[in-house]
Structures are given as structure tokens and as C-alpha cells.
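Notes to accompany the following structure.
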Amino acid sequence: MSARVPGPVMVAAGCGGTGRELEPYLGPAGLDGLDFVTRSITLDARPGGPGPRLVEVPGGIVNAVGLPNPGLEHFLATELPWLVRAGARVIVSIAGATMGEYADLARRLSRAPGVAGLEVNVGAPDEVGVGLFEVREPYHSASVIAAVRREFPADRPVLAKLRPDVSRIVEGARSCHEAGATAVVVGNAVPAAFPDGRAGGLSGPAIAPIALRCVATVHQTVPEVPLIACGGVRDAASATAYLRAGASAVQVGTALLHDPTTLARLRADLETSHQEDP
Ligand SMILES: Cc1cc2nc3c(=O)[nH]c(=O)nc-3n(C[C@H](O)[C@H](O)[C@H](O)COP(=O)(O)O)c2cc1C
């Protein structure tokens, strides 16, 4: 059995906290039935980068959080069981320093109860700076996806999260799909800098036109690749633009940091516009 593509509205990696922080803002259903992508989990705990980790800029934020997370063991013992009990469909985002680490994470997560799927972070805006495996070439990301796919059951989705690099996105999406990705997430934050020159990633409405260009180009060139859009989704109009361009789902990130009720509103608005569409 092949895996179902999640969606149509998902929580983007790292922007829903551990789930507990978001739950009070989701209305009566809470996390029940929600496709929740966790922050990226690494084998060992990471404290995250030095401050300031976020700065607001026109149209978005620049962040360099450094993928803080408690490490796989602690995640399996605490955060995962809580999310599963809350009814979330948990997609665990994974990040590794080597291909072997990605494979190890996939193997161990395949045995953990309640893991609905994996999202492979091969698109961090500054992967070398944060100690991740370097994935500048499409064959790098495809090798990581193939290694993960070998370790994870075929009936559960493996998503490849790429950076929205307009010049390489078609190759990246095609090669990850051929390597076994159920869908490609386009994309991560756009490489950017803090006012003092430190490397970071830009997210929020400012990047939506870039990610939209990537989604549209991939869909037109390789329509067989299922797409999940991520970048600046904040309301029904921004989500619909992606869905019309060929995405089958959208992820919401930075908008949740500004207003955590965005997700509940967006789900209701999309539901209404779907019913109104002839
Ligand atoms: C504070 C913060 C933390 C993030 N953490 C992660 C992460 O752990 N893993 C990941 O793949 N992406 C992470 N991202 C990227 C988001 O998931 C998303 O791809 C990006 O911000 C673009 O979407 P947006 O404009 O809706 O925020 C993070 C973004 C922000 C702002």
C-alpha cells in the first residue's frame, strides 16, 4: 500500500512548539486529526544557537534558532506520547549530521508507536552552520531520502523538505521523488542574514512569492510529484494560491508565531470556500 499525502492544512516544523503551546488556540477539536510536523529532531539533544535567535523584518522574520530539541530518546519518551494522546497525526521532522544518522533516526522512529510519517529536513537555510549533512546538490538530498525510505515502512509517508531555491528546485523535487519521497515540501526558510551579518533564514509573507514560483515551476515541469507548500501561508487567500498552483496541502509556520489562532481560522475558511466552490 502506498502512503497518503497529509494535509490539506498542516503545522510547519518548529512553529507549533511541542504541541502543548498551540493546543489552547485550536478550538474544541484541539490537535485531534491535525497533521502536526514536529520541530526537527536529532539523535542527540541540541541546545540551539546563541541569541538573538529571531528578528522581525518587513514582511517576516529572520531566525537562527539552531534546531533546539531534546534529542531522539527524550522526544520518544515525552513529546511523542503526549502528541499521540492528543490525537495529532504526528509527522516527525528529522535532521542528521551524516547520512547514517538520518537512517538511524528513521529506523528507530519506524518502531515508535504513533509516528504517522517522517519529514526529512534537507533544506535548512544554513545546514553546514548548524552541523547538518550538506545537501547543496540534488543528489545529496536524494541519497538521504533513499536511506530514510529504506528504513521506514512504505505505507507511511516520507516527505522531503527542500529549500525554495528557484534555480534548483525542479531537480531537487524530481530526484527526491525518484528516491522514494511521498511528497516534496517546498520549502524551508530562505537563506538570509541578520542586520549584523549572521546567517539565518527568512520566513513569513515576504517569501510566499518565491515559494509560490517554486511550487508552480515544479508542478508544471514534473506534475507527477506531489507537493506540499510552505512559506508565508497566513490566510485562505495565501493558501489557495498554492493549492491552485498545484500543491495538495499547505503548512503554516511563522503566522502561528504572530497569531496561534491562524490555523483554526484557516481550516474553517478553506472548508467554507471548498463548499462554495462549484
Ligand atoms: C522559529 C522557527 C523554527 C523553525 N524550526 C524548524 C525546524 O525545526 N525544522 C524545519 O524543517 N523547519 C523549521 N522552520 C522552518 C519552517 O518550518 C518553515 O519551513 C519556514 O519558516 C517557512 O514557512 P513560514 O513562512 O510559514 O514560516 C522553523 C521556522 C521558524 C520561524
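On a predicted model such as this, the values are computed, not experimentally measured, just so you know. Whatever order the structure lists ligands and atoms in, that order sets their numbers, starting from 1.
Looking at Ile207, Thr254, Asn69, it is Ile207 that brings a heavy atom closest to atom 22 (C) of ligand 1. Considering only non-hydrogen atoms, atom 21 (O) of ligand 1 lies nearest to Ser203 out of Ser203, Gly48, Ala12. Selection from Gly59, Gly253, Cys230 by nearest heavy atom to atom 23 (O) of ligand 1 gives Cys230.
Around atom OH of Tyr25, no more than 12 heavy atoms belonging to other residues, nucleotides or ligands sit under 6.0 Å away. Residue-environment remark: NE2 (His74) stays at or below the threshold of 12 foreign heavy atoms within 6.0 Å. More than 12 heavy atoms of other residues, nucleotides or ligands lie within 6.0 Å of CZ in Arg4, so this atom counts as buried by the packing criterion.
Met10 and Val120 fall into different hydrophobic clusters, where Ile, Leu, Val, Met, Phe, Trp and Tyr are joined by side-chain heavy atoms under 4.5 Å apart, directly or via other members.
Every atom of ligand 1 with a heavy atom of Arg39 under 4.0 Å away is listed here by number and element: 8 (O). For ligand 1 and Lys161, the ligand atoms under 4.0 Å from any heavy atom of the residue are 10 (C), 11 (O), 12 (N), 15 (C), 16 (C), 17 (O), 18 (C), 19 (O).
Judged by distance alone, the side chains of Ser238 and Asp235 do bring a donor and an acceptor atom under 3.5 Å apart. In summary, the side chains of Ser93 and Asn121 do not present any donor paired with an acceptor at a separation below 3.5 Å, with no hydrogens or angles considered. For the residue pair Ser40 and Asn69, no side-chain donor N or O sits within less than 3.5 Å of a side-chain acceptor on the partner.
Backbone and side-chain nitrogen or oxygen atoms of Asn63 are examined, and none is located within less than 3.5 angstrom of a nitrogen or oxygen of ligand 1. At least one N or O atom of Ser40, backbone or side chain, sits closer than 3.5 Å to an N or O atom of ligand 1. In terms of polar-atom proximity, Ala13 is counted as a contact of ligand 1, with an N or O under 3.5 Å from an N or O of the ligand. Residue Gly187 has at least one nitrogen or oxygen atom sitting less than 3.5 Å from a nitrogen or oxygen atom of ligand 1, judged on distance alone. Considering backbone and side-chain N/O of Ala255, none are found under 3.5 Å from N/O of ligand 1. Checked by distance only, ligand 1 and Asn121 come closer than 3.5 Å through their nitrogen or oxygen atoms. At a 3.5 angstrom cut-off on N or O pairs, Gly232 counts as close to ligand 1.
Among the candidates Leu159, Leu118, Val185, Val115, the single residue satisfying the side chain to side chain contact (heavy atoms under 4.5 Å, CB included) test with Ile91 is Leu159.
At a heavy-atom cutoff of 4.0 Å, ligand 1 is contacted by the side chain of Leu67 but not by its backbone. The part of Cys15 lying near ligand 1 is the side chain, judged by heavy-atom distances below 4.0 Å.
Arg156 forms a cation-pi arrangement with Phe152, by the criterion of a distance under 6.0 Å to the ring centre and an angle within 45° of the ring axis.
Regarding atom 15 (C) of ligand 1, its nearest protein heavy-atom neighbour is Asn188 OD1, 3.3 Å. Protein heavy atom nearest atom 3 (C) of ligand 1, with residue, atom name and distance: Gly14 O, 3.7 Å.
Without hydrogens or angle criteria, Glu127 side chain to Val135 main chain gives a donor-acceptor distance under 3.5 Å.
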